[in-house]
**Student:** 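Please read through the structure below; I'll follow up with questions.
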Amino acid sequence: MSKKQIMLGNQAIARGAYEAGVTVSSAYPGTPSTEISENIAKYDEVYAEWAPNEKVAMEVVIGASMAGARSLCSMKMVGVNVAADPLYSCSYIGVKGGIVLVAADDPGIYSSQNEQDSRMVARAAMVPVLEPSDSEEARVFTKLAFEYSEKYDTPIMLRTTTRLSHSQGMVNLEERVEHESTPYERNMRKNVMMPACAIERHKFVEKRLKDMAEDANTLPVNKVEYKDTKIGVISSGIPYQYVKEVLPDASILKLGLVNPLPKKLIEEFASKVDTLYIVEELEPVIEEQVKSWGIKCIGKEIFTVQGEYSANMLRKAILGEELDISEPAEAPNRPPILCPGCPHRATFSVLKKLKIHAAGDIGCYTLGAVAPLNVIDTTVCMGASISMLHGMEKAKGKEFIKDWVAVIGDSTFLHTGVNSLMNMVYNKSTGTVIILDNSTTGMTGHQDHAATGKTLKGEPTYAIDIYNLCKAMGIEHVYEVDAFDQKKLEEIVKTEVARDAVSVIIAKSPCALLKEYVPKGKCVVDDEKCRRCGACLVPGCPAITKKDGHIIIDETMCNGCGLCQSKCPFEAISLVKAGE
């Protein structure tokens, strides 16, 4: 007898993978996909790991598949770009044990640097795509994805979005069915992608997609709900839920397999409805193909390609309803800001004082771009800060970057920053790289990485020594410094930005939100000594404010990092240590 449980979409995907008999899971954390790996790690039957980046994770699961095991790889949509190299070749190779790649898109850009649509990557890579619309389908489609993967000899992309990943729904729990791992057999023509083999495999891939497109006309994941035929809607994923809410009497073709598309099923459905709408978030992936078949339909003419859809948006676009929605109460502006005690704030305070520009990277430290710190000038993608600093130096010369540094986090440095730093050394660059080492992958929820000494399952492991890694590249000037030692950090930064060489400063201090972090105490203000100069306010710590002309430190937020204390020229702030 099956049990029921309320689950996040990501939890349900993990459950589906477990039930499908997955043996190996590899991923790099990235919102909105992170909870998939965090949940699958709870199943002892599954080996689960954090890889240093998505490319490595994809290669790990390809290897597991070739050995005959079912494997899962999960990442956010920009991670798919990092994994594209092995993904495109894996499409040609196919699978032995099933491979499912979960690509979590982010319509609305809640936690990403762009709004890409992973379905377009899958089409280019000739990889089939399943798209669930609720938590139960997330579980079921994950299991089906492994079946389809092995049936059609292909990796399968399971495409989700932030709304599905982080919404809860009722899920039916079933027992795990162990997948029989078949013996390894050498197959050079299938598994070695040199030109002669790849040419033949490309022919296989084209035939595979044609066969799958034909089968898609009768696959149970694509279903027709005929009601009133005046309006027909083709939809998939979360937008399907909005369509059901807004147009309960309309006929709907719900697509679970969105690549390749079931042409005959779509043509039949279109012929039976008077007006056909295609409702899909982001790019017109379905719409463009349907229109290319000569089928008249309405899509992005009335729907946006930007952001998330909603029931109210569909009411206005399709029904022409002008909604009488009262304006929400005006709330105070609360821009994103670094947490109290964040070591990044301490580093940025030094850079701000020295009027130094920073080529930025992906992580919490991106918040250094906004007021009051205003030191991050660029943010592109993981690892880009170091490469961009190198590019600036080669374009403008050594003098240009005397007031520039590259900043990158410890996890991001291991993700793709290592190669970028290697490039600086190899190509005789000049520049200062600051590695903001807070001992975690902070922005995605404090996951471990290769330098923390713990695996995804919490087991102790060898911790990569970032200092010695940099020294091994031949970098002579490498420094470790406490991010809150403002005097020493300032001296090192001033010296290194003036140096005609590659140098690395590792600003170390743990994230204040880590479970192991022990607060130093609380900072307090001596109102008699305070001159109200505001120097303590410059770093922008949310725990310290000015009220009625007095400097106030909120003791519920303060963790005694001492940054405000170091900024006070009148010694009006003191640290009361924990327990005193």
Side-chain angles (χ1 to χ4, degrees), residues 336-353 363-365 367-368 372-373 375 407 409-411 434-443 445-449 451-454 463 466-467 479-493 505-531 533-547 550-580:
I337 194 168
L338 294 168
C339 303
C342 177
H344 302 338
R345 178 181 288 104
T347 303
F348 291 157
S349 295
V350 169
L351 299 182
K352 182 179 179 69
K353 179 181 178 181
C364 298
Y365 39 89
L367 295 173
L373 294 165
V375 295
V407 297
D410 47 338
S411 179
I434 300 180
I435 300 174
L436 304 168
D437 185 355
N438 64 352
S439 303
T440 191
T441 310
M443 183 167 274
H446 306 97
Q447 291 77 33
D448 285 295
H449 57 68
T452 65
K454 287 184 180 179
I466 294 177
Y467 175 90
Y479 307 88
E480 283 188 336
V481 59
D482 185 336
F484 291 102
D485 189 341
Q486 295 284 280
K487 184 178 180 180
K488 185 176 181 180
L489 180 58
E490 182 178 336
E491 289 174 356
I492 295 174
V493 171
I505 303 169
I506 305 170
K508 290 178 67 72
S509 188
C511 172
L513 297 183
L514 288 174
K515 293 179 181 177
E516 311 85 60
Y517 178 79
V518 179
K520 299 175 184 177
K522 304 290 182 182
C523 288
V524 296
V525 179
D526 186 330
D527 201 47
E528 292 185 3
K529 290 184 179 179
C530 179
R531 297 294 181 268
C533 68
C536 58
L537 299 171
V538 173
C541 176
I544 186 166
T545 56
K546 192 173 185 178
K547 185 177 181 180
H550 297 272
I551 301 299
I552 306 294
I553 296 178
D554 186 339
E555 65 175 19
T556 63
M557 298 177 70
C558 177
N559 52 37
C561 74
L563 180 59
C564 58
Q565 184 183 16
S566 69
K567 296 297 181 184
C568 181
F570 305 105
E571 299 183 349
I573 299 177
S574 59
L575 174 65
V576 178
K577 294 183 179 179
E580 291 184 356

**Student:** If you look at every heavy atom in N559 and G341, which pair is closest and at what distance?
**Tutor:** OD1-CA, 3.4 Å
**Student:** For C536 versus I551, what's the shortest heavy-atom pair and its separation?
**Tutor:** SG-CG2, 3.8 Å
**Student:** Assess whether side chain to side chain contact (heavy atoms under 4.5 Å, CB included) is satisfied between L351 and S349, documenting all intermediate values.
**Tutor:** CA-CA 5 Å; L351 299 182; S349 295; over 6 Å; no
**Student:** Check whether any side-chain heavy atom of K546 sits under 4.5 Å from a side-chain heavy atom of L537, and report yes or no.
**Tutor:** yes
**Student:** What closest approach, in Å, do S509 and A483 show between heavy atoms, and which atom pair accounts for it?
**Tutor:** CB-CB, 4.2 Å
**Student:** Please examine the side chains of F484 and P343, heavy atoms only from C-beta on, and report whether any two atoms are closer than 4.5 Å.
**Tutor:** yes
**Student:** CD of E516: more than 12 outside heavy atoms within 6.0 angstrom?
**Tutor:** yes
**Student:** How long is the gap from CD1 on I434 to CZ on F348, to the nearest 0.5 Å?
**Tutor:** 8.5 Å
**Student:** Tell me whether R531 contacts the main-chain N or O of F570 through its side chain, where contact means a donor paired with an acceptor under 3.5 Å.
**Tutor:** no
**Student:** Can H550 and D527 be said to form a side chain to side chain contact (heavy atoms under 4.5 Å, CB included), step by step?
**Tutor:** CA-CA 7 Å; H550 297 272; D527 201 47; 3.0 Å; yes
**Student:** Using 0.5 Å steps for rounding, measure from the CD atom of E480 to the CD1 atom of I505.
**Tutor:** 12.0 Å
**Student:** Examine K508 relative to Y467 and say whether NZ or CZ is less than 6.0 Å from the centre of the six-membered ring and inside a 45° cone about the ring axis.
**Tutor:** no
**Student:** Quick one: closest heavy-atom pair of L489 and V481, and the distance?
**Tutor:** CD1-CG1, 3.6 Å
**Student:** I need the minimum non-hydrogen distance between G409 and Y365, along with the two atoms involved.
**Tutor:** N-OH, 2.9 Å
**Student:** Is the shortest heavy-atom distance from the side chain of V407 to the side chain of V375 under 4.5 Å?
**Tutor:** no
**Student:** Roughly how far, to the nearest 0.5 Å, is SG of C541 from CE of M557?
**Tutor:** 6.5 Å
**Student:** Under a 4.5 Å cut-off applied to non-hydrogen side-chain atoms, are M443 and S411 in contact?
**Tutor:** no
**Student:** Quickly, which of E491, K353, Q565, K567 forms a side-chain hydrogen bond (donor to acceptor under 3.5 Å, both in side chains) with Q486? Name it, please.
**Tutor:** K567
**Student:** Hey, what do you get for CG (L373) to NE2 (H344), rounding to the nearest 0.5 Å?
**Tutor:** 11.5 Å
**Student:** Provide the closest heavy-atom pair for A535 versus P569 in the form atom of the first, atom of the second, distance.
**Tutor:** CB-CD, 4.2 Å
**Student:** Determine yes or no for a side-chain-to-main-chain donor-acceptor pair under 3.5 angstrom, with K352 supplying the side chain and P372 the backbone.
**Tutor:** yes
**Student:** Taking atom NZ of K520 as the centre, report whether more than 12 heavy atoms of other residues, nucleotides or ligands fall under 6.0 Å from it.
**Tutor:** yes
**Student:** If I take atom CG from residue L575 and atom SG from residue C564, how far apart are they, to the nearest 0.5 angstrom?
**Tutor:** 9.0 Å
**Student:** Do L436 and T347 have side-chain heavy atoms sitting under 4.5 Å apart?
**Tutor:** yes
**Student:** Atom OG1 of T440 and atom CG of D410: how far apart are they, to the nearest 0.5 Å?
**Tutor:** 7.5 Å
